2 protein chains.
Amino acid sequence: MKTQTKIIEAADQLFYEHGFEATSFAHIAEVVNISRGNFYYHFKTKDEILDAVILARLTRTESMLDQWEIEGDSAADRIKSFIKILIVNQTKIMKFGCPVGTLSAELIKLDHNAQDDANKLFTLFRVWLKRQFETLGHNENADQLAMHLLGRSQGVASLTNAFKDESYVQSEVNQMCDWVDQLTLKQIH
Amino acid sequence: MKTQTKIIEAADQLFYEHGFEATSFAHIAEVVNISRGNFYYHFKTKDEILDAVILARLTRTESMLDQWEIEGDSAADRIKSFIKILIVNQTKIMKFGCPVGTLSAELIKLDHNAQDDANKLFTLFRVWLKRQFETLGHNENADQLAMHLLGRSQGVASLTNAFKDESYVQSEVNQMCDWVDQLTLKQIH
DNA sequence: TTAAAATTAGGACATTTGTCCTAAAATATA
DNA sequence: TATATTTTAGGACAAATGTCCTAATTTTAA
C-alpha cells in the first residue's frame, strides 16, 4: 500500500478516536512507521491531511449510500439501513461517538477552515435521506423528515457515547424504525 | 470579584467556545488580565481548572433546574422548560453546540480523567426529567422517556450547530412539546 | 506602625508542536 | 549498467505548551 494512503487511513482513525487537534504528526508517524520529516513530502501541512481525510470519508460514505440504494428493496428499508448503523457501529460509537458529528463539532469550535467540507458529510446523509422520503411519498416535507431523523440519530450517538447503554440504543432504533413504518402507512392511504 | 472566580468564569466560557484542549493558560490569563505565572497560586494544573469549571456548571445547572421546578405549574410545563432552552440558547448553540454534549464528547476522546464528572451534568438533566415524567404518571418508563428527550435535544443541538437553521430548531421544539402534550393526555385517560 | 500572610508578576524549564531543509537511499528509466 | 527521479530519514527551527520557582507587592492582622 502507498505511504500516502497509509497516512490518510491512520490519520482518519486517529482523528476519529482522539480528535483532530489532539492528534499530532508524531502520532500518525508512529502508526504508519515513517519518520516525522517524511511527512512533508506527502503533505505540506496538517490541514492538508485533514482535507484528504475528509475527502476519503466523503467517497467512502457515498459508496455506502450507493450500496444501501442497491440492497434496499424499498425506501423504508433503505432508511432503516441508515437507522441501523447505530447498531452496526455500536461499539465504536460508544467509544468515540459519531465520526461525522464529533468532527463537525470540533472543527466549528476550532473555527477551522475545513468546517464546511466536514459538513458535507452531514449533507450527504441529509440529501440521501430526503430522496428516500420523497420516494416514500412525502415530497412536501422530505427535507424536514430527513433533518428530523438525522438529528435523532445524532442524539442517540451522543448519549450512547456518554452513557454506554446498549438497551437505550436498541430502544431508540426500534422507535425510529416504527416511525418509518408509520410514515410508510400514511403514504399508502 | 475574586481572581479565582474570574479564572473559573473565563475558563468556563473559553472551554465552551473553543474546547478544553484548545484553550491554553495564556488564553485564560489574557481574558482575566493576570500573569501566566500567577495561575499556579490558584490552580496547580489545567485539570484542576477543569474540575472547578465542571463544579461551577453543576451548581449552576442545579439551580436552573430548581428554578424550573418552582416556575412550572405542571410537570408538562417543566419538561417544556427543558425543551425550550434550545430556543433560549439558540444563538450560542448555533455557534458552539451544547455545552454539556460537546464537553462530554471531547473529554471522552481525550480519555480524560474528568469525563465521569462531566457526565454528571447529563445525569443531572436525566434524573430531573425522569422525576417529571413520573409526576406525569409514567412511572414504568420514566427513565426511558427522559433519555429519549435528552437524546432528541442533543441531536437538535448538534444539527443546529452544523447547519445553523432556525426553522429546524423551532420545528423540532414544537414536535417535542406536542409529544409531551400527548404523554399528558395518556396520563389523564 | 509593624509584622505576617496572601497575592501577584516575571521568567525559567523541559517538552511538544507544526513546519521545513538537506543529504542519503530506493526505485525507475535509459 | 548508468542516470534520473522518487521517496525517505534525520534533524533543525521557532513558537507554544503546562508546570514550577522566586522575589516583589499588596493586603490583612497585631
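Note that this is a predicted model, so its numbers are computed, not measured. Within every chain, numbering begins at 1; the chains are lettered A, B, ... in the order of the sequence lines, protein sequences first and strands thereafter.
Nucleotide C:dT7 holds its C1' atom 12 Å from the NZ atom of B:Lys6, rounded to whole Å. Between A:Ile49 atom CD1 and C:dT19 atom C1' there is a gap of 12 Å when expressed in whole angstrom units. Residue B:Gln4 contributes atom CD, which lies 13 Å from atom C1' of C:dA6 at whole-angstrom precision.
In this structure, A:His42 reaches the D:dT8 phosphate: one of its side-chain N or O atoms is under 4.0 Å from OP1 or OP2.
The nucleotide whose nearest atom lies closest to any side-chain atom of A:Thr3 is, among C:dT19, C:dA9, D:dT8, D:dT8. For A:Tyr40, taking side-chain heavy atoms from C-beta onward, the closest of the listed nucleotides D:dT19, C:dC20, D:dT7 is C:dC20.
Around atom NZ of A:Lys130, no more than 12 heavy atoms belonging to other residues, nucleotides or ligands sit under 6.0 Å away.
The pair A:Asp117-A:Lys120 counts as a salt bridge, with a side-chain nitrogen and a carboxylate oxygen less than 4.0 angstrom apart. Between B:Arg78 and B:Asp73 there is no salt bridge, since none of the side-chain N atoms of the basic residue sits less than 4.0 Å from a carboxylate O of the acidic one. Salt bridge A:Glu30/A:Arg36: absent, no basic N to carboxylate O contact under 4.0 Å. Of the charged side-chain nitrogens involved, none lies within less than 4.0 Å of a carboxylate oxygen, so that B:Lys2 and B:Glu9 do not count as a salt-bridged pair.
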Could you list all N or O pairs between the protein and nucleotides 25-29 of chain D that sit under 3.5 Å apart?
none

For nucleotides 3-6 of chain D, list the nitrogen or oxygen atoms of the protein found under 3.5 Å from its nitrogen or oxygen atoms, one pair per line.
none

Below 3.5 Å is the cut-off: list the nitrogen or oxygen pairs between protein and nucleotides 10-17 of chain D, distance only.
from: D:dT17; atom 1: OP1; to: B:Ser24; atom 2: OG; distance (Å): 3.4

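Proximity of the aromatic rings of B:Phe125 and B:Phe82 is defined here by a centroid distance below 6.0 angstrom, and this criterion is met. Annotation: B:Trp128 is not in aromatic contact with B:Phe122 [ring centroid separation under 6.0 Å not met]. No close placement of the A:His18 and A:Phe96 rings is indicated, their centers lying 6.0 Å or farther apart. Aromatic ring centres of A:His148 and B:Tyr168: separated by at least 6.0 Å.
Between the side chains of B:Glu166 and B:Gln170, not a single donor N or O lies within less than 3.5 Å of an accepting N or O.
Closest approach of A:Ala118 and A:Leu103 over heavy atoms only: CB-CD2, 4.0 Å.
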